[in-house]
S.K.: 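Pasting a structure here, questions to come.
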Amino acid sequence: MSFPLLTATAALPAIGAIATAAVPAAKRTVAKWLALLVSIATLALAIVVLVRFDPGGDRYQLTESHAWIADFGVRYELGVDGIGVALIALTALLIPFIILAGWHDADPLETGSKRWRPTQGFLALILAVEAMVILSFEATDVFLFYIFFEAMLIPLYFLIGGFGDRAHEHGEQAATTQRSYAAVKFLLYNLAGGLVMLAAVIGLYVVAGNFSLTEIAEARANGSLEMSTSTERWLFLGFFLAFAVKAPMWPLHTWLPNAMQESTAPVAVLITAVVDKVGTFAMLRFCLQLFPEASKWATPVIMVLAVISVIYGALLAVGQRDIKRLIAYASISHFGFIVMGIFAMTSQGQSGATLYMVNHGISTAVLLLVAGFLISRRGSRLIADYGGVQKVAPVLAGTFLIGGLATLSLPGLAPFVSEFLVLVGTFTRYPVIGVVATFGIVLAALYVLVLYQRTMTGPLKPELAKMPDLRVREIAVAAPLIVLLVFLGVYPKPVTDIVNPAVQHTMSDVQKKDPQPEVEAAK
């Protein structure tokens, strides 16, 4: 039996979570270093997965399959395609930076209170989320995927509700109330979507007799599994609704601004740069592969919802007074681009959407983590409480600007390539949608540059006169991510080479080909 590499990649952070939680309360530093080392070791395993994956090989590689609940056709089945490999690498890459950025976020409160924030629990929950997200990217059994798709909500609920942002203009009591509200709202929205998906998962089993993604897809392709049009459409809607909540798409997005606002910056990055990608990934893996005809049937409505997400998220970002809420609405706009690329049903659109997932994760991590460093210094999330920061903290201002420029997809930085591919792929099949979506780019430039202008330029506010610049630990968080943004902006080929074969398989599933350009014959 070959070494179960995929299982090991997910099991390591799960074991690390248990070990970190077991560290004695007085040994907070030990817990921090243990969690960081576990996350680095997980990154090393993810790199091994990346190296061993052959883009020109089988669709699903490094597969594992074991009987689990045999009476109900449930198996422990894992496998990765190019899209899954790219997102596993993104997840494993970001977690060490999330832990390093949140190094002091769960330390004891320094207000004279004797209440302690359990550092060990904070770090253990982050590692638990990492394990569940990686397993979600690896699972090729629909029931197995569903378990971890839902299970990751529990540690996230406690991360939002129990370890929220300390910067609150109305005091600790109001902050606790707002955190509880955000955590419950996050849980209810996602549980509601998950329950609808559970009904669809059961329906799929009734129709197919098993939960194996590969077996069901193969049976659909060769005609041995018959599924009526109405059944396929209802099952598709059950899956898509859950993924749209997680993504998050308009109008199911309202939990995200509250969750990001009340979370610490590292947890906000965990939510929007890591966890939310499970929703868009699952649209590619499950919706399009299991329900190709229903996916094509629903495409016009989904494209309209996606472009509404793009414009709506950008417009609301322009009007925000809270830094983290602004970034949250910007992310809703970006997820609209990702969904638009997926359902454009073109190879450029789907390759761009997958690349967008990776690039958005990196760019959002830079912008949000540096914003977190800024907020921790001033103790406020309000944009109006800042001004002239670049005069006293030029490195912080510079890294914040790079993160912002990446968010608005400046050419030369990674998100530009993915956004360009999404728009090209959309234009070729849905030109009106593509034209409207381009206004999202203009609005992105507006909200990013206005944010930078109001916080970093202008007269220095007296309260900020002694603000320190980025420390060594904080530079160690931001610098590698910025290097990646530049590298993938100039040379995205390493990622596109991995994801393009998987995209071609998906295009084959839905029996779509790229539209041919119309060229007038020479007279």
Side-chain angles (χ1 to χ4, degrees), residues 160 164-165 167 178 181-182 185-186 189-190 244-265 267-277 279-280 304-340 356-357 359-372 374-375 380-384 386 400 403-410 415 418-419 422 436-455:
I160 297 168
D165 194 346
Q178 290 297 321
Y181 171 78
K185 187 174 183 179
F186 159 80
Y189 265 71
N190 284 273
V245 172
K246 186 85 79 178
M249 275 187 69
W250 182 90
L252 305 172
H253 66 284
T254 59
W255 62 268
L256 182 67
N258 297 95
M260 286 183 62
Q261 178 183 5
E262 299 303 328
S263 301
T264 64
V267 173
V269 171
L270 184 67
I271 294 169
T272 190
V274 176
V275 173
D276 287 351
K277 301 301 188 298
T280 47
V304 171
L305 294 177
V307 79
I308 290 174
S309 293
V310 170
I311 303 302
Y312 172 86
L315 282 173
L316 264 67
V318 172
Q320 292 305 306
R321 299 184 305 116
D322 184 296
I323 295 174
K324 289 202 288 188
R325 284 185 73 88
L326 186 152
I327 299 172
Y329 280 110
S331 290
I332 291 168
S333 181
H334 294 149
F335 274 101
F337 276 110
I338 294 172
V339 175
M340 192 170 68
Y356 212 133
M357 291 186 228
N359 294 337
H360 172 264
I362 301 170
S363 62
T364 299
V366 173
L367 182 62
L368 197 46
L369 291 178
V370 176
L374 177 68
I375 292 168
S380 173
R381 300 189 302 256
L382 298 179
I383 296 172
Y386 297 90
F400 191 76
L405 293 176
T407 297
L408 63 82
S409 299
L410 183 76
S418 45
E419 199 164 274
V422 166
V436 175
T438 55
F439 286 98
I441 302 174
V442 178
L443 293 171
L446 179 61
Y447 62 69
V448 166
L449 296 179
V450 168
L451 172 64
Y452 183 81
Q453 179 188 37
R454 292 179 178 175
T455 55

S.K.: Which class fits the ring pair H334 and Y356: parallel under 30°, tilted 30 to 60°, perpendicular over 60°?
M.R.: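 H334 vs Y356 ring planes: tilted.
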S.K.: I'd like to check L256 versus Y189 (side-chain heavy atoms, cut-off strictly below 4.5 Å). Are they in contact?
M.R.: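 Of all side-chain heavy-atom pairs linking Y189 with L256, none is under 4.5 Å.
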S.K.: Are side-chain heavy atoms of T280 and V339 found at a separation under 4.5 Å?
M.R.: yes
S.K.: How many angstroms lie between atom CZ of F439 and atom CG of L443, to the nearest 0.5 angstrom?
M.R.: 9.0 Å
S.K.: For T272 and A268, indicate whether the former's side chain and the latter's backbone hold a donor-acceptor pair under 3.5 Å.
M.R.: no
S.K.: Check whether any side-chain heavy atom of M249 lies under 4.5 Å from a side-chain heavy atom of I332, and answer yes or no.
M.R.: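 Side-chain contact under 4.5 Å: no.
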S.K.: Is the closest side-chain heavy-atom distance between V448 and L367 below 4.5 Å?
M.R.: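 Of all side-chain heavy-atom pairs linking L367 with V448, none is under 4.5 Å.
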S.K.: Between A314 and G440, which heavy-atom pair has the shortest distance, and what is it?
M.R.: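 So the minimum-distance heavy-atom pair works out to CB-O, 4.4 Å.
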S.K.: To the nearest 0.5 Å, tell me how far L316 CG sits from S333 OG.
M.R.: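 Going from CG on L316 over to OG on S333, the span is 10.5 Å.
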S.K.: If you measure from CZ on F186 to OG1 on T254, what distance do you get to the nearest 0.5 Å?
M.R.: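 So the gap between those two atoms works out to 13.0 Å.
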S.K.: Does K324 reach the main-chain N or O of S263 with its side chain, forming a donor-acceptor pair under 3.5 Å?
M.R.: yes
S.K.: The criterion is ring pair (Phe, Tyr, Trp, His ring centres under 6.0 Å); which residues satisfy it with Y447, sequence neighbours excluded?
M.R.: none
S.K.: Please report the shortest heavy-atom distance between A317 and Y329, naming the atom on each side.
M.R.: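 Result for this residue pair: N-CB, 3.8 Å.
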S.K.: Roughly how far apart are F400 CZ and L368 CG, rounded to 0.5 Å?
M.R.: 9.5 Å
S.K.: Check whether S363 reaches the backbone of T407 with its side chain - one donor and one acceptor, N or O, closer than 3.5 Å.
M.R.: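 Side chain of S363 to backbone of T407, a donor-acceptor pair under 3.5 Å: no, none is there.
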S.K.: For the residue pair G336 and S309, what are the closest heavy atoms and their distance?
M.R.: CA-CB, 3.9 Å
S.K.: Tell me, please, which residues at least two apart from V307 pass side-chain contact (heavy atoms from CB on, under 4.5 Å).
M.R.: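 By the side-chain contact (heavy atoms from CB on, under 4.5 Å) rule, V307 matches I433, V436, A437.
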S.K.: How long is the gap from CH2 on W255 to CD1 on I160, to the nearest 0.5 Å?
M.R.: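 If I round to the nearest 0.5 Å, the distance is 7.0 Å.
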S.K.: Side chains of D276 and I271: does their closest heavy-atom pair fall under 4.5 Å?
M.R.: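 Yes; the side chains approach each other to less than 4.5 Å.
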S.K.: Is the shortest heavy-atom distance from the side chain of E262 to the side chain of R381 under 4.5 Å?
M.R.: yes
S.K.: What I'd like to find out is whether the side chain of I375 reaches to under 4.5 Å of the side chain of Y386, using heavy atoms alone.
M.R.: yes
S.K.: Given side chain to side chain contact (heavy atoms under 4.5 Å, CB included), test Q178 with Q261 step by step and report yes or no.
M.R.: CA-CA 9 Å; Q178 290 297 321; Q261 178 183 5; over 6 Å; no
S.K.: Please step through side chain to side chain contact (heavy atoms under 4.5 Å, CB included) for the pair M260 and V267, ending with a clear verdict.
M.R.: CA-CA 8 Å; M260 286 183 62; V267 173; over 6 Å; no
S.K.: How long is the gap from CG on D322 to CG on L382, to the nearest 0.5 Å?
M.R.: 6.0 Å
S.K.: For H253 together with Y312, are the ring centres under 6.0 Å from each other?
M.R.: yes
S.K.: Pick out which of V304, L305, V422 makes a side chain to side chain contact (heavy atoms under 4.5 Å, CB included) with M340.
M.R.: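 The side chain to side chain contact (heavy atoms under 4.5 Å, CB included) with M340 is passed solely by V422 among V304, L305, V422.
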S.K.: Is there a side-chain contact between Q320 and L451 in this structure, where contact means two heavy atoms from C-beta onward sitting under 4.5 Å apart?
M.R.: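 Heavy-atom side-chain distance check fails, nothing below 4.5 Å.
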